[in-house]
Amino acid sequence: SSPSTEVEGFTISKVNPNAKPQAVSGIHGKTYIVNGKPQVALVWSALEGASTYTVAKSVSGGKWKVLGTTPNTAYIDTLPSKDSINGYRI
């Protein structure tokens, strides 16, 4: 399938209450079926100075929920909501 248009990303490398987070770029999402279950694989470009990335999901425009953090520029959502729009941000 083609990359998702519902993916957006923001992150910050260290806490600064006056700073605006830099945008993560090159975010792509792809849905796969593994053992009969859907998964969404997310990948993005590295942000200089970032040591970890926090991945969050919104289902059908609802509240954002953190899925986890990763030091990598990739994450797999193993529990996407079926029959809903899954929006992601980094």
Side-chain angles (χ1 to χ4, degrees):
S1 83
S2 62
S4 172
T5 58
E6 299 297 321
V7 179
E8 65 177 63
F10 300 92
T11 190
I12 192 162
S13 58
K14 55 180 148 174
V15 177
N16 179 344
N18 299 317
K20 291 187 178 182
Q22 296 177 342
V24 173
S25 63
I27 302 169
H28 297 281
K30 191 165 185 176
T31 303
Y32 295 92
I33 303 297
V34 178
N35 295 326
K37 296 182 180 181
Q39 295 187 357
V40 177
L42 303 169
V43 295
W44 57 90
S45 298
L47 184 62
E48 185 178 339
S51 58
T52 61
Y53 300 90
T54 300
V55 181
K57 176 170 72 172
S58 171
V59 177
S60 296
K63 290 187 177 187
W64 289 98
K65 294 182 182 180
V66 173
L67 297 177
T69 59
T70 178
N72 305 312
T73 57
Y75 186 88
I76 297 176
D77 180 5
T78 59
L79 297 170
S81 297
K82 295 180 183 177
D83 301 320
S84 299
I85 295 173
N86 292 271
Y88 297 90
R89 69 181 177 189
I90 313 300

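For this chain, numbers begin at 1 and follow the sequence in order.
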My understanding is that only residues two or more places apart in sequence, or in another chain, count here; which of them pass side chain to side chain donor-acceptor pair (under 3.5 Å) with T70? N72

Which donor-acceptor pairs under 3.5 Å do side chains of residues 56-63 form with protein atoms, sequence neighbours excluded?
{"residue": "K57", "atom": "NZ", "partner": "D77", "partner atom": "OD2", "Å": "3.1"}
{"residue": "K57", "atom": "NZ", "partner": "L79", "partner atom": "O", "Å": "3.0"}
{"residue": "S58", "atom": "OG", "partner": "G62", "partner atom": "N", "Å": "3.2"}
{"residue": "S58", "atom": "OG", "partner": "G62", "partner atom": "O", "Å": "2.6"}
{"residue": "S60", "atom": "OG", "partner": "I85", "partner atom": "N", "Å": "3.4"}

Does some side-chain heavy atom of V40 sit less than 4.5 Å from a side-chain heavy atom of N86? no

Before you tell me yes or no, could you show the steps for Y53 and Y75 under side-chain contact (heavy atoms from CB on, under 4.5 Å), namely the whole-Å CA-CA distance, both residues' side-chain angles and the distance that decides it to 0.1 Å? CA-CA 10 Å; Y53 300 90; Y75 186 88; over 6 Å; no

Do side-chain atoms of Y88 reach the backbone of I27 as a donor and acceptor pair under 3.5 angstrom? no

Linking I/L/V/M/F/W/Y whenever any side-chain heavy atoms sit under 4.5 Å apart, do L47 and V43 land together? no

